[in-house]
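Encoded as structure tokens, the structure appears first; notes follow it.
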Amino acid sequence: MAIELKMPALSPTMEEGTLAKWLVKEGDFVKSGDILAEIETDKATMEFEAVDEGVISSINVAEGTDGVKVGTVIALITGEGEEPAPAPSPKPVASSPVETPAQRAPVPTMSDTQPIETSSVTANGNMQTVTLREALRDAMAEEMRRDDRVFVMGEEVAEYQGAYKVTQGLLDEFGARRVIDTPITEYGFAGVGTGAAMGGLRPIIEFMTFNFAMQAIDHIINSAAKTNYMSGGQVRCPIVFRGPNGAAARVGAQHSQNYAPWYASVPGLIVIAPYDAADAKGLLKAAIRCEDPVVFLENELLYGRSYEVPMGDDHVLPIGKARVMRAGTDVTIVSYSIGVGLSLEAADRLAEDGIKAEVIDLRTIRPLDKATVLASLAKTNRLVVAEEGWPTCSVGSEILAICMEEGFDDLDAPVLRITNEDVPMPYAANLEKATLVNVDKIVAGVRRTFGV
Amino acid sequence: MATTPAKKSASKKSSVSEDAARANRERPTEPVPYKATKEELLKFYRDMLLIRRFEEKAGQLYGLGLIGGFCHLYIGQEAVAIGLQSALTPGKDSVITGYRDHGHMLAYGIDPNIIMAELTGRAAGISKGKGGSMHMFSTEHKFYGGHGIVGAQVSLGAGLAFGHKYANDGGVCLAYFGDGASNQGQVYESFNMAELWKLPIIFVIENNQYAMGTSVNRASSEDQLYRRGESFRIPGIQVDGMDVLAVRGAAEVALDWVRSGKGPVLLEMKTYRYRGHSMSDPAKYRSRDEVQSVRDNSDPIEGCKAYLAEMGVSEDALKVIEKEIRKIVNESADFAETSPEPDLSELYTDVLVEQY
């Protein structure tokens, strides 16, 4: 009886990958530990080892195939001589990471046939299709070419090419002087970066995730955000703290938190949380050029998604300006980061029922573009905030307060916060799914504002 | 010789050779007391006296309610800032410290008026009255504050040193911190990176014996703080921080080491603060006799006076300096008292540099 070899999930967020190379052929005898194939994920090339012993009876996916979904049968092994007991078929290790992000983060610009990891070559007019990860890398590379004071520092940013491959290629181009691997020492290197900024450089400090930046939050707030004020404008701190923020997939409570509300409460900081690749690039370039300290919150689940980005190295967007992603007249959905994709999908669903939702991407959380939010509210008279994060003292809470204080007369219904549940992130797939904000919850929230 | 209160090795001036033998690594040379000219020594005396009288005046103004909040005086520790900073190259080397920062500002020759005006929270203050006693800066002098979170300045200082190395400008960063800060985790994170990357930084522990009310031996398993860099391969030197010439001598050795690209060095300055941790500290954790004994036996200004006498400087010459200093300090107090508070329109300025 043949054992099915399935495309493995090699990272918490991997949905599909490229079968780069087979190291065995049909008829080969393999034993546990033999390397069967090389599989390229959106983050790295990994070796795939045999667990069972037997003969490769068929290879079902040819090498060089892109976009092989996790769980696809890629080869069969037959036990030699005897009929092996049906080995517990390799549990589709990744069944939940596969479906969860896919459901959570539909991307309107991505067709089903398009591979997730598209290289920057597919140009289309003045636009090119790139992944968000590449857009971030391009933004850093362009700014590093433009200004020698800009450097990148963090854990695994150089030789490893980035824990999430965001800094891929930077070491090769800019060398070890400007792309600097640090020890695991967040408090220390956040302070080193901040001191370097005070001394006149333009550091980009990468946190492997913002969860680890909790160790460094003292420097972000007490040193970076406050020194310009405390020094009467003498000591500037032009630094960017960036890295993935918010929930990834199945990584549990300590690795799944949205810090936007934390940093957004601090005067002296700029807080940016982009949704798509064009914004990620344009806003990161703006952040690097900015004279003020910036907290730049990315989302791991979006890194591998492809979007259209303007060509050229002059795509710089204004900080502090929200964007109307979709115009509508009946209700406003305000969101940011990964929530924007969910909101757009919710708007599609609502349109089927004849509800025209306007979707606003805040892009910058601090300073907040109140004018765009209030103008939309004045038009639609109903508003919900969709946020991948906790409800209490959230960005949603802030929007709600603004609507009460400055848009009260425009309100036909209470403003609602549609957020994650108010619990630490559970690990179990079903509980995690129940915790996270999703399209259904947004649609239901919007309906509530109409009393249905 | 250090004459600070009884400590295991307080009588030792430095222990470079002992460590070198143990570690079998290259070490900085044994520092020798700086051979100051009469002019240099007179300047040290004058600068230390300015800090002493300025701080006494600040204490008075605090008592009168003109200075608010926290106010940490540098009295007793003057030789450290003067001995070290006199060895730096102005405009090239950078300095950063914690909240006990008045002395380091004055050591730069920054106008006492604008320092005192900052203490009283006036618009003319060096931080426009927005920083206060703990948060003073002078980018013109490459003095980067003035930081209130214990130990933060050590990582920030490593960043300044990183900048010197990155820009290849030949500068060195001098990062001061106290015996209390020497137990903070980020200090060791910074030690590690500084040595790993051979950053041009001199770590200076101003060991004034008490972290607020906790004596060094009650808080530190290794109370010989110059050894605290050992596991990072940072050489440490213990220095009599009450003797301006010993301090300056150690500064020369440290600067040579760092400027030659050998990475950081750690100086432990054995010193003593005569006043409480801050103005609100009743200092019940030590006896009056202990303080008096240090004042009598190892006061840095009296020590400097003795050196001057050996060089033939008369008491009268010193009295002239004393008089001049009193005048400067009184004027700074008048200025700080009479100069206007910041305009309310300044409340929202300097939060961000740019407009969005």
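Chain A is the first sequence line, chain B the second, and so forth, proteins listed ahead of strands; every chain is numbered from 1.
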(request) Would you give the length of the straight line joining atom CD of A/Gln234 to atom CZ of B/Phe143, rounded to the nearest 0.5 angstrom? (result) 10.5 Å
(message) Return the CH2 to CG distance between B/Trp197 and A/Asp181, rounded to the nearest 0.5 Å.
(response) 9.0 Å
(request) Go through the atoms of A/Cys290 and report whether side chain, backbone, both or neither lie under 4.5 Å from a heavy atom of chain B. (result) both
(request) Please check if atom CD in A/Gln254 has more than 12 non-hydrogen atoms from other residues, nucleotides or ligands closer than 6.0 Å. (result) no
(message) Show the nearest heavy-atom pair for residues A/Gly195 and B/Leu160, with the distance to one decimal.
(response) O-CD2, 3.4 Å
(request) Say whether, by atom type as modelled, one donor and one acceptor occur between the side chain of A/Asp292 and the main chain of B/Glu354 under 3.5 angstrom. (result) yes
(message) Between B/Ser127 (side chain only) and A/Met230 (backbone N and O only), is there a donor and an acceptor less than 3.5 Å apart?
(response) yes
(request) Determine yes or no for a side-chain-to-main-chain donor-acceptor pair under 3.5 angstrom, with A/Glu291 supplying the side chain and B/Val353 the backbone. (result) no
(message) Under a 3.5 Å distance rule, please check whether B/Asp350 uses its side chain to pair with a backbone N or O of A/Asn228 as donor and acceptor.
(response) no
(request) Would you give the length of the straight line joining atom CD1 of A/Ile180 to atom CE of B/Met193, rounded to the nearest 0.5 angstrom? (result) 11.0 Å
(message) Need one label for A/Lys226: side chain, backbone, both or neither, based on atoms under 4.5 Å from any heavy atom in chain B.
(response) neither
(request) Against chain B, work out which of A/Gly199, A/Ala196, A/Ser231 has the most heavy-atom pairs shorter than 4.5 Å and name it. (result) A/Ser231
(request) State the CG-CE distance between B/Leu156 and A/Met198, to the nearest 0.5 angstrom. (result) 5.0 Å
(request) Decide yes or no for A/Thr364 and B/Tyr356: does some side-chain heavy atom of the first lie under 4.5 Å from some side-chain heavy atom of the second? (result) no
(request) Under 4.5 Å heavy-atom distance to chain B, tell me which part of A/Gln215 shows up: side chain, backbone, both or neither. (result) neither
(request) Using a cut-off of under 4.5 Å on heavy-atom pairs, state which of A/Ile270, A/Thr194, A/Thr182 scores highest against chain B. (result) A/Ile270
(message) Please classify the contact between A/Asp148 and chain B as side chain, backbone, both or neither, with a heavy-atom cut-off of under 4.5 Å.
(response) both
(request) Might you confirm whether atom CG of B/Leu196 has over 12 heavy atoms from other residues, nucleotides or ligands at distances under 6.0 Å? (result) yes
(message) What's the separation between atom OH in B/Tyr166 and atom CZ in A/Arg149, rounded to the nearest 0.5 Å?
(response) 10.0 Å
(request) Please state whether the side chain, the backbone, both or neither of B/Thr139 comes within less than 4.5 Å of a heavy atom of chain A. (result) both
(message) Tell me if the CZ atom of B/Arg259 is crowded by more than 12 foreign heavy atoms within 6.0 Å.
(response) yes
(request) Between chain B and each of A/Pro183, A/Pro293, A/Gly200, A/Pro318, count heavy-atom pairs under 4.5 Å; write down the option with the most. (result) A/Pro183
(message) Looking at A/Thr185, is its backbone amide N or carbonyl O close enough to the side chain of B/Gln186 to form a donor-acceptor pair, meaning the two atoms are under 3.5 Å apart?
(response) no
(message) Among A/Phe189, A/Phe151, A/Tyr187, which residue has the highest count of heavy-atom pairs closer than 4.5 Å to chain B?
(response) A/Tyr187
(message) Taking every non-hydrogen pair under 4.5 Å, which of B/Gly148, B/Gly132, B/Ser138 racks up the most with chain A?
(response) B/Ser138
(request) Measure B/Glu346 against the heavy atoms of chain A and call it side chain, backbone, both or neither at under 4.5 Å. (result) backbone
(request) Go through the atoms of A/Asn222 and report whether side chain, backbone, both or neither lie under 4.5 Å from a heavy atom of chain B. (result) side chain
(message) Can you confirm whether A/Phe212 is buried at CZ, in the sense that more than 12 heavy atoms of other residues, nucleotides or ligands lie under 6.0 Å from that atom?
(response) yes
(request) Rounded to the nearest 0.5 Å, what's the gap from CD1 on A/Ile319 to CD on B/Gln355? Could you check? (result) 13.0 Å
(request) With a 4.5 angstrom heavy-atom cut-off, could you sort out which part of A/Arg177 is near chain B: side chain, backbone, both or neither? (result) both
(request) Mark yes when over 12 heavy atoms from residues, nucleotides or ligands other than B/Leu347 sit less than 6.0 Å from its CG; otherwise mark no. (result) yes
(message) Centroid separation under 6.0 Å, is that true for the rings of B/Tyr348 and A/Tyr229?
(response) no
(request) Can you see which heavy atom on B/Ser155 is nearest to which on A/Gly188, and at what distance? (result) CB-O, 3.9 Å
